[in-house]
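These notes concern the structure reproduced below.
Within every chain, numbering begins at 1; the chains are lettered A, B, ... in the order of the sequence lines, protein sequences first and strands thereafter. These values consider heavy atoms only, across backbone and side chains, with no hydrogens, waters or symmetry-generated copies.
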Protein chains: 2
Amino acid sequence: MSQISLGRYLFERLHQIHIDTIFGLPGDFNLALLDKIYEVEGLRWAGNANELNAAYAADGYARVKGMGCLLTTFGVGELSAVNGIAGSYAEHVGVLHVVGVPSATSQAQKQLLHHTLGNGDFDVFHRISANISETTSIVTDIAQAASEIDRCIRTCYMTQRPVYLGIPASMFDDKVSAKLLDTPINFKFPENDPDAEKEILDQITSMIKASKKPIILADACTSRHDVRSETKKLIEMTKFPAFTTPLGKGSIDENTPNFGGVYVGSLSNPEVKEFVEDADLVLSVGALLSDFNTGSFSYQLHAKNVIEFHSDHMKIRKATYPGVNMKYVLEKLLKVVPSIVENRKDTRKIPTAKYKVVTAKDNENLRQEWLWNHVGDFFQEGDIIISETGTSNFGIVESKFPNNCIGISQVLWGSIGYTLGACVGATFAAAEIDPKKRVILFIGDGSLQLTVQEISTAVRWGLAPYMFVLNNNGYTIERMIHGETAGYNDVQTWDHFLLLPAFGAKNYENIRVKTVGEWNNLIQDKAFNKNDKIRLVEIILPVMDGPDSLKKQAKLTESINAKNM
Amino acid sequence: MSQISLGRYLFERLHQIHIDTIFGLPGDFNLALLDKIYEVEGLRWAGNANELNAAYAADGYARVKGMGCLLTTFGVGELSAVNGIAGSYAEHVGVLHVVGVPSATSQAQKQLLHHTLGNGDFDVFHRISANISETTSIVTDIAQAASEIDRCIRTCYMTQRPVYLGIPASMFDDKVSAKLLDTPINFKFPENDPDAEKEILDQITSMIKASKKPIILADACTSRHDVRSETKKLIEMTKFPAFTTPLGKGSIDENTPNFGGVYVGSLSNPEVKEFVEDADLVLSVGALLSDFNTGSFSYQLHAKNVIEFHSDHMKIRKATYPGVNMKYVLEKLLKVVPSIVENRKDTRKIPTAKYKVVTAKDNENLRQEWLWNHVGDFFQEGDIIISETGTSNFGIVESKFPNNCIGISQVLWGSIGYTLGACVGATFAAAEIDPKKRVILFIGDGSLQLTVQEISTAVRWGLAPYMFVLNNNGYTIERMIHGETAGYNDVQTWDHFLLLPAFGAKNYENIRVKTVGEWNNLIQDKAFNKNDKIRLVEIILPVMDGPDSLKKQAKLTESINAKNM
C-alpha cells in the first residue's frame, strides 16, 4: 500500500501516539471520515451522546493519556463543543478537534447549505474556534495536507492546548504517500538557549544554597506538561517539604514523608498555611493560578524567592526567561541537586494535620466533612479520581490519595456537568491502560443533570466507572454563594436508580448510602471494590451541607461578585 | 417606587412585551440577577437542564410568542449555548441572550477568575457571540444602561435575530428611574422611502396585471417577520394558487381552496413541481433559501418574474430595493389588489395530489410513508407541531395542517436534538396563551439522546407536550446519506418508558404503537386527545424506513459532500 487516504493518514498518526479512542458524533460532513477509523486496527469510535459531552470526554481521556481527539461536523456539531474546548484551553489539555467541513467548491460558491448561518460565510465557525485554540488549520491543498496534520498533532501535544483541524469532506479520500508514516512525528522540545539555561541553573542552585526554609509547590501543569517524574525525583532528592494546589492534586505522591498538604491560600488548613507562608524559597512547578485554586488570590507567598517552572518559560523572582522549557531545566537541576543538598539540616516539622480528622458513629447520617475525610479509605493505588466543580472539588482536597493516582477536576474553568463526560473519557483511557484500573467520579445531583446521557456511552461500551452521586437536592455551591432558598437553585428531583436501566444497562448496580455505617460497609465489601460493572452510588446528604473550604470560598465569591467599584 | 434596580428594569421591559418565561441556568455571575425575576409578577424562571437545551427552548418559545430570552453565566454558561444561538441567527429567531459577567473591576484588573481562560482576556466570549448576533452590548455605564437594554430588546424583536447583552454582576442592583417604564419601547418600523415604495407597488401591480399564471410562495420569514395575516389576506383577495416551502409549513392556511402544496424543488410531489415551475409570476414572501429547503437548490422557478418580499429589502427580478420593509408594502398592496384582480379568470387546476395518498391495513406495521400521510388526522386547529431534523422534518411536509397551526422545524440550521428543547420552550409559550393549546413533537430515537434531560424541565413545570419518539434504531438520516450499516450510525438502545419516571414524572403516560391499527385507535381516543398530562409515544419503525423525499435528499447530499473539484 504505497498510497493511503488522507482520512486514514490522520487516524494512523493518532494511533501511533496511542490515541485509540476517537470521541464525537456523526454528521453528514464527517461520515466518510468516520469510515477511516474502522480501517485502523485498535482504533475505536466512541459515538458519544452529544458533542459537549464528547468534548468533555476527549478532555478526560487526554488528562489520562496525554492527548485526546474530538471529531465533529461543521457548524452544528463543532459549536456544541465550544464550551468543552474552551475548558481544555483554560486548563492546558491537549485536545485535537477535527471538523468535517464542506468542500472547497461549496465554500467558494457560498452555497446556502444546511449547517450554515445562511449568509455564505463558511469561515465563521473556524473564527470562533480560533479564540480557544493554540493553532488552527483548514486543509485545502493535498500536497500540504499530511504535514499540516502532523503540525496540528505536534502543536496540540506539545502545548497541551486544543488545536482545530478542518478537513473538507471532498478530501477524505484524497491520497497521500503511506511512507510518510514511517517517520514518527517529532515531539521533542528544542533545546533551551544554553546561556539562559546556565544562568537559570546558577541562580536556582545559589538560591537553594542560601535558603533555610525552602518548599516545593506542585500545580496542574506538573501533570499536564509531563514533569511528574522529574518533580517526584526533585522531592526525593531534596527532601524539601512538598505541597500541591487543588488543581495539582494527584500530581505528586502524598505518601512520601515530606508531603505537606494542599495549599489554597487562606482556605488551607491552618498548619499548612503557616508552613507554606513561612518558606523563604518556593520552587513552584507548573503553576496555574486562579481564584478557586488560590482561595480567591489569598496566596501569601511571603518569600521573595519564588522560582516558577513553566512549559514555555521560567520566572525567577521578577525576571522572566521566555522560551525556556522547565523539563530540561529540571533534568539538569536533578544532576546537580544531590551535591547541593547533601549536608542540609532541616528541623521544620512537616504539617501533621494535612487532612482534618473527623469522626462519626456508624448510625450517624453522612455529612460532607466526614465523607471527604474518609473517601480516601476507598481509593487504591492507580485510581483515577474525578471531582465535579462544586462541593466535590472543594471536598476532595481533604482526602488522601494513594500513590500514582490521577486527580481530575476543572477548578479554573469550572463548567458544571463536565466531570460526567470526563469520567467516560477517562474510563476509555483507563481500560486501554489496564482494565482493572478504576475510575471514580464524585458529582452532585444538580451537575449530573447537564450531561446525564453520557452514562449511555459508558453502558454501550461496557465501561465500569464508579459514579458517586452526592444528592443534596439542588445546586448547593450556588446556594452558598447566593440564594440559599431561591427557586433557581432547586433542581427537579430524579429517580437516580432508573437512569442505568433507562440507558439500557444490563450489568449494573444501584446503591444508596445515607449513614456512616452504610458507607463503611460498602467500601469494605470486596465485590464492590472490583470494577466489574457500572455502578451508581447515591449518597444522601443534607441540603446546605458542604466542605468548610467551600463555605469560605462561597462567601469570598459573593462579596467579590457584588463589588461595585 | 421612583427607582428600581437595573435587573428589575430588564425583566419589567420583557414582561411588557409578554415574554413571561426566562430560560437558562444559574451561575455565580448571574445569581443576584435571577432574584429580580421573582420581583416581577407573572414572570417565571424555567431553570433548564443545561444551557444548550435552554437556548433551544428560548428559540422554540420565540417562534410561538415572537421573542424569547435566555439567561446564562459568563464563560461556561454562555459558551454552552453558542450552537443554539447560531441556530436562532441562521433561522431568524429573536432570542435575547443576557449574560451575567464579572464586574468592571475584575475585568480591569484582569483577574484570573474561574470561568475565564486564565489569560486575563474577558472579552473573548463576547467576541465569539458577536459572530452570531445582530448586535451586542456590555453594559458599563448606569446612565446609559436602560437605553442600552431597550436598544437590545428592540433590535432583537425587529430583526428577529439573537442579541447579546452582558451585564456585570456588580450592576444588577444599580438604580434607574422607574418612570422610564411608562414609555413603551418603540417597535414600529420606520416608514419606507415613499419613492421606492411607489416604484415597487407600480411594478408589482403591472406585473400582476401582465401575468397569466401567478403563484404565491410563502417561506419561513412569513411567520418570523409577522406578515402571516397580510399573506393570508393576499391569498384570499387574489385567489392566486399558494404554496409553502418546508420551512414555511404552517405559515399559510392549508385549508383554503387555493392552497397548492409544499414546493421543494425536485423533491416536490410531481404535480406540485409542475404547477409551480409553470408559473409566470412568483410572489415570494419571506424566503429563507437553503439546500434542504429547496431540494438541494433544485428550485426551477422558470418565471423571469419573481418578486421577493423580505423584512429588510425587496427584490423585483434583478433589482434590489434595500431598506424596504415588506410589511408596509404588503399593507399597501392589499389596498390596490382587489381592483387589479377583480376580473381575472384562472383556469388552472390546483394540484390535487398535495399529499401523497398512502393506504394500509390495520394489522400492518407502521411505515413512515403511511405515518406522515396520516399524522394530520391527529392534528387540531391551533396545534404547535414540531418536527426534528431527519426523517421527521422531511416527513412532516407530507402531512396536512389544520388552520392556525404553528410548524417548528430547523431545516436550515439542522442541529439534531434541537426540537426537544424547542418543544419545552414552545410548551411554556402555549401554556401562557391557552393551557389547552397542544404541542406535538416528532423526534427520532437518535436525536432524542442529545437533549433528553430537557424532559425533566417539562415535568418540573407540569407541562404536557406530546412526544412522539420515532424509534428506528439509530441515525436513519445519516444512514441514508452514508454508512447504512456503519457502527457510527448506531445509538445505544434505551428503555424509553423509564425516562419519564426517571425524571420524576408522576402524572404521565407511556404508549407504544407498532401497527396501523394501534395508531388509529390511539388518535381516536378522546382521553388521549386532551393535553392533560405529559406523554411519550414510542413509534416502532423499520431501520431504513423513511419518507421518500428524505431518501432523495440523502442521495443528493452524499454526492455533493463527496464532490471533489
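The greatest number of non-hydrogen atom pairs below 4.5 Å with chain B, out of Glu78(A), His115(A), His496(A), Glu51(A), is found for His115(A). The most heavy-atom pairs under 4.5 Å with chain A, out of Ile477(B), Ile416(B), Asp495(B), come from Asp495(B). Put simply, of Gln410(A), Arg460(A), His92(A), Arg127(A), the one with the most heavy-atom pairs under 4.5 Å next to chain B is Arg460(A). Among Thr116(B), Asn53(B), Leu499(B), the residue with the largest count of heavy-atom pairs under 4.5 Å with chain A is Thr116(B). Most heavy-atom pairs under 4.5 Å with chain A: of the set Thr457(B), Asp490(B), Val491(B), this distinction falls to Asp490(B). Most heavy-atom pairs under 4.5 Å with chain B, from the set Ala502(A), Gly504(A), Pro26(A): that is Ala502(A). Considering only heavy-atom pairs separated by less than 4.5 Å from chain A, the leading option among Ala554(B), Gly417(B), Ser456(B) is Ser456(B). The candidate from Asn48(A), Asn131(A), Ile85(A) with the greatest count of non-hydrogen atom pairs under 4.5 Å with chain B is Asn131(A). Most heavy-atom pairs under 4.5 Å with chain B, from the set Gln453(A), Gln449(A), Glu454(A): that is Gln453(A). The greatest number of non-hydrogen atom pairs below 4.5 Å with chain B, out of Gly47(A), Ala505(A), Ser80(A), Gly118(A), is found for Ser80(A).
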Could you go through Asp35(B) and Tyr488(A), starting from their C-alpha distance and side-chain angles, then the distance that decides it, and tell me whether this counts as side-chain contact (heavy atoms from CB on, under 4.5 Å)? CA-CA 9 Å; Asp35(B) 288 338; Tyr488(A) 51 73; 2.5 Å; yes

Are Gln492(B) and Val459(A) close enough, and set up right, to give a side-chain contact (heavy atoms from CB on, under 4.5 Å), and what steps lead you there? CA-CA 8 Å; Gln492(B) 167 70 3; Val459(A) 170; 3.3 Å; yes

Using the side-chain contact (heavy atoms from CB on, under 4.5 Å) rule, take Leu25(B) and Leu450(A) through it: C-alpha gap first, then chi angles, then the decisive distance, then the call. CA-CA 10 Å; Leu25(B) 271 81; Leu450(A) 282 89; 3.9 Å; yes

Would you please test Phe503(A) and Trp494(B) for ring pair (Phe, Tyr, Trp, His ring centres under 6.0 Å) and show each step? CA-CA 5 Å; Phe503(A) 296 140; Trp494(B) 287 9; 4.8 Å; yes

Between His114(A) and Thr557(B), is the side-chain contact (heavy atoms from CB on, under 4.5 Å) condition met? List the steps. CA-CA 10 Å; His114(A) 65 288; Thr557(B) 302; 4.3 Å; yes

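In this structure, the side chains of Pro501(A) and Leu498(B) come closer than 4.5 Å at one or more pairs of heavy atoms. Counting only heavy atoms from C-beta outward, the side chains of Thr451(B) and Asn50(A) never approach each other to under 4.5 Å. Counting heavy atoms from C-beta outward, Leu31(A) and Glu478(B) have side chains that approach closer than 4.5 Å. Inter-residue side-chain proximity for Glu558(A) and Asp28(B) is flagged as unmet; no heavy-atom pair is nearer than 4.5 Å.
Residues of residues 479-487 of chain B lying under 4.5 angstrom from chain A, judged on non-hydrogen atoms, are Ile481(B), His482(B), Gly487(B) by number.
Within the model, atoms CG of Leu113(B) and CG of Leu412(A) stand 9.5 Å from one another, a figure rounded to the nearest 0.5 Å.
Side-chain N or O atoms of Asn83(B) include none that pairs as donor or acceptor with a backbone N or O of Leu79(A) at under 3.5 Å.
At a 4.5 Å heavy-atom cutoff, the contact between Leu34(B) and chain A is made by backbone and side-chain atoms alike.
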